[in-house]
Protein chains: 2
Amino acid sequence: MAVVQQEPGTEERILAAARRVFIRKGMAGARMQEVADEAGINKALLHYYFRDKQRLFEGVFKGGAEKQFGCIWNSFNDSTELFDAIERFVAAYIDRMLEEPLLPLFIAQEMSRDPEGLRAFVDRGQASRQRFIRLVEEALAAGAIIDIDPRDLLVNMMALCAHPFVARPMLTHIHGMNDEAFRRMMLKRRKSVPEFIIRSIRA
Amino acid sequence: MAVVQQEPGTEERILAAARRVFIRKGMAGARMQEVADEAGINKALLHYYFRDKQRLFEGVFKGGAEKQFGCIWNSFNDSTELFDAIERFVAAYIDRMLEEPLLPLFIAQEMSRDPEGLRAFVDRGQASRQRFIRLVEEALAAGAIIDIDPRDLLVNMMALCAHPFVARPMLTHIHGMNDEAFRRMMLKRRKSVPEFIIRSIRA
DNA sequence: GTCTATATGTAGATAGAC
DNA sequence: GTCTATCTACATATAGAC
């Protein structure tokens, strides 16, 4: 069976458009008309493919945890040592979010609106978090780091990665940055954040 | 003129109710009906006091930067030395947000929706940020800290304070915390975060 | 599958009595 | 100043032709 570069079908165009609109405006702010426009169709057809707004939302994000964050959680599987794991995690997180800078704020928003709903995003990473905690315990046993709660450390790592994206409008305004300058700042942080963390926990 | 404990008037009840609803649901998700209900009045009266939703929103948050974040920015004015400033800032930030845990996410959300709108929240802190940067430069000149971009340091401080509130639904679910457990965690971070930062930058 | 046209529901806003 | 009732606008959703 020959695999050719397909024109994206209507359903895929809808999903892609809906994804962009939902992430930009959130569930509450998104408009079916806007999705239809971006997909190059009309509202009726949108409802033909996805009966209502809720189902469209789920169609876009259900089971998508793997695609959204898989590469980030998996970064823990590539490491056998804590400092290396930290470097890889931060790099994976920032690289992923540079592709879709509005994602962190969107996830936070929707988890706050409907805590049950996007739970899949969280549960998926359970195994990887366990693995991370073990790396911390091993580093502690080896005398490589000071005594620190692994969960606190993970919170700090995610905070240092995610916050600049969440607070992006504030930061860009304060420092008079454009999109390109923001990108450069995040690429610098890709190196400086692991250093910041490791300096803090090294024994 | 005797100052007595007044029953809150209608306008104040509206402002308080609107504030709660806006912060809980965001501008897009908030409903005038819900505000009216919480204020114990009807929609018509709401429009009598504030012509439309936009004006109600501005009535609640315009010029409120001082009330929202004043105590946080001012924390820099109490210190003559960097490490002390960091401790006070983190404590002030976390204490303030424990009073109103949804505020960080709300601000991020609305700044993203309308970057011009809540700019006052940002500009207000300009002088305090300058003061902080000077403290960093002095500490650097005194050989107390390693070479670090003061702006990056400030971003890290805000990240470590704000992120747990932004990601609160995720964290509470992952760790199976209730509200009280979350509060305890943040009170612990009130001490551990400054230590984390200072360990990282100390020369 | 895709469209035009329309129905239904809901939220914001106003009119007018008291 | 506060209410009931109503209007208008808009967003979601459906009917039905092609």
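Lettering follows sequence order; numbering is per chain, from 1.
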| query | Less than 4.0 Å between a side-chain N and a carboxylate O, is that true for E100(B) and R96(B)? | reply | yes

| request: Inspect the contact between R88(A) and D95(A) and indicate whether a charged nitrogen and a carboxylate oxygen are less than 4.0 angstrom apart. | output: no

| remark: A correct 5'-to-3' footprint of nucleotides 12-18 of chain C, with B, S and - meaning base, sugar-phosphate only and no protein heavy atom under 4.0 Å, is BBBB---

| field | Candidate list F69(B), F89(B), Y93(B), test ring pair (Phe, Tyr, Trp, His ring centres under 6.0 Å), partner F76(B), passing option | value | F89(B)

| Expressed in angstrom and rounded to an integer, what is the separation of I14(B) atom CD1 from dG1(D) atom P? | 10 Å

| query | Over how many whole Å does the gap from R55(A) atom CZ to dT14(D) atom C1' extend? | reply | 14 Å

| request: Measure from CD on E11(B) to C1' on dT2(D) and round the result to the nearest Å. | output: 15 Å

| field | Ion pair check, E110(B) and R113(B), cut-off under 4.0 Å | value | yes

| query | Any side-chain N or O of N42(B) under 4.0 Å from OP1/OP2 of dT2(D)? | reply | no

| query | Looking at dT2(D), dT4(D), dT2(C), which one has an atom nearest to any side-chain atom of Y49(A)? | reply | dT2(C)

| said: Could you check whether F106(A) and F165(A) have their ring centres less than 6.0 Å apart? | reply: no

| request: Report yes if the distance between the aromatic ring centroids of F22(B) and F57(B) is under 6.0 Å, otherwise no. | output: yes

